[in-house]
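Notes follow once the structure below has been shown.
Quantities reported herein were computed from a predicted structural model and do not represent experimental measurements. Atoms within a ligand are numbered from 1 in the order they appear, just like the ligands themselves. Only this structure's heavy atoms are used, side chains among them; waters, hydrogens and symmetry mates stay out.
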Amino acid sequence: MMGRRAFAAVLLVLAVSGCGGDGEDDIAAAPDRGSVGIAMPTTKSERWIADGDNLARQFTLLGYRPDVQYADDDVKAQVSQLEAMVARGDKALVIAAIDGTALKGVLGRAAAAKIPVIAYDRLIRDSADLSYYATFDNFKVGVLQGTAILDGLKGKGPFNVELFAGSADDNNATFFFNGAMSVLRPQIDSGRLVVRSGETGFAKVATLRWDGAVAKQRMARLLAADYRSARVDAVLSPYDGLSRGILEALGAAGYGGAKKLPVITGQDAELDSVKLIAAGKQTETVYKDTRELAKVTVQMTNSLLTGGRPEVNDTEQYNNGVKVIPTFLLQPVNVDKSNYRRVLVDSGYYTAAEITA
Ligand code: GAL
């Protein structure tokens, strides 16, 4: 018997391919529009697995053959995967870069073969051969995180805060940090927020490859060095995978037991972190509906490949060092204990059972 999801997929294929008949013959009759290369950074984070799946599903519905490759956060491996896609004659490349500054060469080869490139979620820098960019409002992600910290710190202060940023080779990391600091900086300057470690510059607080173990180590070092006789009241963390590492270091130092856990932010609404939010351990995450991002990206690619003009809504913010890349920005959403059911469960992103499991 056909499940509800499979049935919905069939209906979509029929709608897309304009077929009104019934049965499997119609699915086979969907046009073959060629293969599309989809380069994703890593399977270590669940969001990228979902991104790859969503992109593949939606390209398939339009008659493309998706080729999804993950590079295990290895920059050279990603470049080789892209080279193979160009050599195979993929019709377009959709890329979530590991190192946004390392793809100039391979993008040049794609351009020589007239293969359009779309940057997915992360901007590709220093290349004129990038056509479009689809992402979320990355500065706003940071603003939401900074605001969650201020909302969580009630009273006059001063409050002790420590800052973490993402991977310095990911253009998004700077946007997140700058967005958060646009909210936090005035309060650091006024003395209501105190960074006892003194580590406030992006380069100092960045976390290579968004590695939770690296963030855990840094938090442990800061707690040992600067918080023997003081309490950390808030931690700016740009991503759930880092937040979980930071929470482990905090737990090992007695937070969540004898000491109250600090306000701590995150991003991506990863299931393990949503569970921590439900349990009152992580304060917030920034939810980005990756299903929507995949949809926008597939529409962009399809319209490029069929002679149309992709829809964009930002032609100012994303200068990649060579030119401003026309961008479609989606809106991120703040999620905390008060609204995670409404935002994540009611929308079907997770089931209630998954969160309480
Ligand atoms: C960023 C992305 C975030 C998060 C992070 C770590 O580029 O925008 O949503 O996933 O990478 O994977």
- If you count the atoms of ligand 1 from 1 in the order shown, which ones are under 4.0 Å from a heavy atom of K288? 2 (C), 3 (C), 8 (O), 9 (O)
- Task: Classify the side-chain pair D67/Q69 by whether it contains a donor and acceptor separated by less than 3.5 Å.
- Result: yes
- Which part of F176 is near ligand 1, with near meaning a heavy atom under 4.0 Å away: side chain, backbone, both or neither? side chain
- Query: With a 4.5 Å limit on heavy-atom distance, are the side chains of D99 and R209 in contact?
  - Reply: yes
- side chain to side chain donor-acceptor pair (under 3.5 Å) between D90 and S35, intermediate numbers included: CA-CA 5 Å; D90 282 348; S35 58; 2.5 Å; yes
- In this structure, which one of V333, N334, D137, T285 forms a side-chain contact (heavy atoms from CB on, under 4.5 Å) with L144? N334
- Under 6.0 Å between ring centres, would you say that holds for F175 and Y318? yes
- Task: Provide, to 0.1 Å, the distance between atom 4 (C) of ligand 1 and the closest protein heavy atom, together with that atom's residue and name.
- Result: D268 OD2, 3.2 Å
- Message: Side chain, backbone, both or neither: which applies to W48 and ligand 1 if a contact is any heavy-atom pair less than 4.0 Å apart?
- Response: side chain
- Message: Before we go on, tell me: are the rings of Y349 and Y287 under 6.0 Å apart, centre to centre?
- Response: yes
- May I ask you to identify the nearest protein heavy atom to atom 8 (O) of ligand 1, giving residue, atom name and distance to one decimal place in Å? D121 OD2, 2.6 Å
- Note on the structure: of all protein heavy atoms, closest to atom 11 (O) of ligand 1 is R122 NH2, 2.9 Å
- Query: Taking distance alone, with no angle check, do N172 and ligand 1 share an N/O pair under 3.5 Å?
  - Reply: yes
- Is the closest N or O pair between D170 and ligand 1 shorter than 3.5 Å? yes
